[in-house]
Amino acid sequence: MTWLDLPDDTPFGLANLPYGVFSTAAGPRRVGVAIGDDVLDAGGAAAAVEAPFAELLAGPLLDPLLAAGRPAWQQVRAALTEWLTDDSYADRVRPHLHPRAAVALHLPFTVGDYVDFYASEHHATNVGKIFRPDSAPLTPNWKHLPIGYHGRSGSVVVSGTDVVRPCGQRKAPADAEPVFGPSVRLDIEAEVGFVVGAGSPMGSTIGVADFAEHVFGVFLLNDWSARDLQAWEYVPLGPFLGKSFATSVSPWVVPLDALAHARVAPPPRDPQPLPYLRDAEDWGLDLAIDVRLNGHVIARPPFATMYWTPAQMLAHTTVNGAPTRTGDIYGSGTVSGPERDQRGSLLELSWGGTEPLALREGSTRTFLEDGDTVTITATASGPDGSRIGFGEVTGTIRPARPAT
Ligand code: CA
């Protein structure tokens, strides 16, 4: 029960309580928690009730809360639940609610290192068939380790930020020489992101069993990708300019503790990975993702089909002793299921541009056109039939700027 008047079936109910950073028209950036159709100024509420951890929520970013570690995350979450359910808090907490439709949402924490993985067997198989039709779709290492690359954290932007079409070199196999110009194969990758709260020192490792001690929460991520730039540059060192121009993230970070009911067993692994990558607990997550292009659903990728879990990704990232820091993020890689309408990229949906996708208004797409808007949303199951919402990550493509 709650003293709040929550909409029926809201994806931002008491079981969710995702964190973000918001501002009102005139106000500074504040740490907020989405609840129903509102956002709670968590720092303001914590000060009003004189919470012992109020300092963690007082600033313009989630960084202090992230760095405080799991016992603090659990303490704050329990307190938020108490404030929003116990009538004795209502008079002090209610003044700190703002209609969510009236606030601006910002990048919620300082982004540290950014790694992007490639953890969907269906996606990796499809891309292998499209990019390397004469080879085995999966490389020999794929089922032995979660493949990843280091992305560019400086171009991680919050949902709603426009994306300028990148320029670069491209060379189709039949072309004699490369040419320079705006990408003509601009794409999306629907992904799920994870943020490290409590870091780990250089020389240490984070085992699969310690995932929840280090990872604070989960968000949505769109790894915008220029396929023509990528195809020409990625051998032998992997993606570079084809990915580094923009990565969009959703503004709400769903705490791991809100996803207890969404945890599922990952798919069977064959062969078994090396001991440091064996599951200690089930960290598959049953998230239902929708991908919309100009408002029309073009794919519904199921995150539960991912071959590698986020716990395995973090264990692999640190197994060589690399440190992690508060605000480090990693993406799952494109989420694609086995069915055609479950593919999380236009590369796969249009099969390398050979099978244009029909949109409902009668137009077709292979890759993105200027003015196109892509929006990714997701929900997970919560307790008692409730839904845990992730909100959205959206972005609109703007025309290329000429090189100077
Ligand atoms: Ca990616």
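What you are looking at is a predicted structure, and each value in this text was computed from that prediction instead of being measured. One-based numbering, in listed order, for ligands and for the atoms of each. Along the sequence shown, the residues carry numbers beginning at 1.
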(message) With a 3.5 Å distance limit and no angle check, can you tell me whether Asp175 reaches the backbone of Ala172 through a side-chain donor-acceptor pair?
(response)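 Confirmed, Asp175 side chain pairs with Ala172 backbone.
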Atom nearest to the Ca ion (ligand 1) - [X], N, O or S atoms considered:
{"X": "Glu191", "result": "OE2"}
{"X": "Asp223", "result": "OD2"}
{"X": "Asp116", "result": "OD2"}
{"X": "Glu189", "result": "OE1"}

(request) Could you tell me if the ring centre of Tyr234 sits under 6.0 Å from that of Phe131? (result)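 Here the rings of Phe131 and Tyr234 have centres that are less than 6.0 Å from each other.
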(request) Determine, for Arg398 against Asp162, whether the closest basic-nitrogen to carboxylate-oxygen distance falls under 4.0 angstrom. (result)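 Asp162 and Arg398: salt-bridged.
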(request) Mind telling me whether Trp142 and Tyr118 have parallel, tilted or perpendicular rings, with 30° and 60° as the class edges? (result)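 It falls in the perpendicular class, over 60°.
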